[in-house]
There are 2 protein chains.
Amino acid sequence: MEKVISILRSHQIQPTPQRIATAKAVFDTRTHPSADEVWEKVKRDYPTVSRATVYNTLNLLVNKGVLKTQILREGKVVFDPCIEPHHHFIDDETGEIHDVPWDALQVKGEDSLKDYKVREYQVVMRGCKKKQ
Amino acid sequence: MEKVISILRSHQIQPTPQRIATAKAVFDTRTHPSADEVWEKVKRDYPTVSRATVYNTLNLLVNKGVLKTQILREGKVVFDPCIEPHHHFIDDETGEIHDVPWDALQVKGEDSLKDYKVREYQVVMRGCKKKQ
DNA sequence: ATAGCAATTTATACTATGTCTAATATTATA
DNA sequence: TATAATATTAGACATAGTATAAATTGCTAT
């Protein structure tokens, strides 16, 4: 709670109750929620918060560099509180998105791409989780 | 034209005029069009073809393995006539999606992912094209 | 050829994601 | 406190995609 407020303050974002609740909803999860999923979560605690405010807040957090968007699920942008580089694994059956640590994979050959200036990259994997 | 018809036939798809026009529109391009972009293209030649038919046909082609969908652009599924494994580069400025040959990059370390059975993967890069 | 059945196409309604706007409410500051 | 700047809200709007039911087309057997 305190932590969320200080994150907002340190990015020059006024920590209003709506914004605190929205930010907390995204940070308090390992899932990669869509905007409407965040809204649902916020409404459980603060039923009067409007959809537009949640969308505005999420976009604000992205623009200020607090969150990143990922285009990994059909027809939906999802929000990722981890802004450090990492890879993604998407479960074919459940659609769940899992973060894969950056160091787990090494990509070689980037220098052969003479035509492109690569700003960022990630490996996107699809498959299923192994049963333990 | 002949080629498109034989592709449809070899996948047990009746080559109706609407389906030929739709398939041709996807195959005749290096861009990665969305369903509505395909519809626009089809309508230029056959103005009476309905939106539902183009959507139905694209989904049919995907289910039969003729096309692949890629989730790379915000809020849109795009269709890729290249079903062989390859990577993608997305231009930050234009949103254009470029295919990157499979052999241009090598990904190592997959064996460290003990929890996942990876069915397919690709490297997704973002950045800008170098000016020649 | 044609009757009847299956496959296809069409228009339209519907759902979901996301944006925009104008009015209202809140906060900061002089 | 008065004023300006910022934030929130409800609702309208736009777009992507799906579902449905009626109409059309094509296939098959007589």
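The model shown is predicted, which means the values in this text are computed figures rather than measured ones. Numbered from 1 within each chain, the chains take letters A, B, ... in sequence-line order.
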Original post:
Where the side chain of A:Asn56 is concerned, which of D:dT8, C:dT12, C:dG18 is the nearest nucleotide?
Top reply: D:dT8
Subject >> Side-chain N,O (B:Ser34) to OP1/OP2 (D:dA16) below 4.0 Å >> reply: no
Original post:
Starting at the 5' end of DNA chain C, which residue's closest nucleotide do you reach first, B:Gly75 or B:Val54?
Top reply: B:Val54
Original post:
Looking only at heavy atoms, what is the nearest atom pair of A:Val38 and A:Ala25, with distance?
Top reply: CG1-CB, 4.1 Å
**OP:** Report the residue from B:Lys76, B:Arg51, B:Lys43 that forms a salt bridge (charged side-chain N to carboxylate O under 4.0 Å, His left out) with B:Asp36.
**Re:** B:Arg51
**OP:** Kindly point out which of D:dA19, C:dT17, D:dG17 is positioned nearest to the side chain of B:Ala52?
**Re:** D:dA19
Original post:
So, A:Tyr116 versus B:His98, ring centres under 6.0 angstrom or not?
Top reply: yes
Original post:
To the nearest Å, how far apart are B:Arg19 CZ and C:dT10 C1'?
Top reply: 14 Å
Original post:
Considering heavy-atom distances to DNA chain D, does A:Thr57 or B:Tyr55 have its closest nucleotide positioned more toward the 5' end?
Top reply: A:Thr57
Subject >> B:Thr53 vs C:dT10: side-chain N/O to OP1/OP2 distance below 4.0 Å >> reply: yes
Original post:
Would you say C:dT9 has OP1 or OP2 under 4.0 Å from some side-chain N or O of B:Thr16?
Top reply: yes
Original post:
Can you tell me if CZ on B:Arg119 sees more than 12 non-hydrogen neighbours from other groups inside 6.0 Å?
Top reply: yes
**OP:** Consider the side chain of A:Val77, meaning its heavy atoms from C-beta on, and name the nucleotide among C:dG18, D:dC27, D:dT6 that approaches it most closely.
**Re:** C:dG18
Original post:
Between C:dT15 atom P and A:Lys76 atom NZ, what is the distance in whole Å?
Top reply: 16 Å
**OP:** For A:Val4 and A:Ala23, work out which heavy atoms get closest and say how close.
**Re:** CG1-CB, 3.6 Å
Original post:
For B:Glu40, does the CD atom have more than 12 heavy-atom neighbours from other residues, nucleotides or ligands under 6.0 Å away?
Top reply: yes
Original post:
Choosing from D:dA7, C:dT12, C:dT17, which nucleotide comes nearest the side chain of A:Arg51?
Top reply: C:dT17
Subject >> Length of the CG-P vector between B:Leu60 and D:dG17, whole Å >> reply: 17 Å
**OP:** Let me know the distance between CD of A:Gln12 and P of C:dA28, rounded to the nearest Å.
**Re:** 15 Å
Subject >> A:Trp39 CH2 to C:dT19 P, straight-line distance once rounded to whole Å >> reply: 15 Å
Original post:
Should B:Gln18 be listed as having a side-chain N or O under 4.0 Å from OP1 or OP2 of D:dT25?
Top reply: no
Subject >> Nearest-neighbour nucleotide for the B:Gln14 side chain, D:dT9, D:dA16, C:dA7 considered >> reply: C:dA7
**OP:** Consider the side chain of B:Asn59, meaning its heavy atoms from C-beta on, and name the nucleotide among D:dT18, C:dT10, D:dT8 that approaches it most closely.
**Re:** D:dT18
Original post:
Closest to the B:Ser50 side chain: D:dA16, D:dT9, C:dT10?
Top reply: C:dT10
Original post:
Given atom CG of A:Asp36 and atom P of C:dT19, what is their separation to the nearest angstrom?
Top reply: 11 Å
Original post:
Could you give the CZ-to-C1' distance, from A:Arg73 to D:dG17, as a whole number of Å?
Top reply: 16 Å
Original post:
CG of B:Leu58 versus C1' of D:dT18: gap in Å, rounded?
Top reply: 14 Å
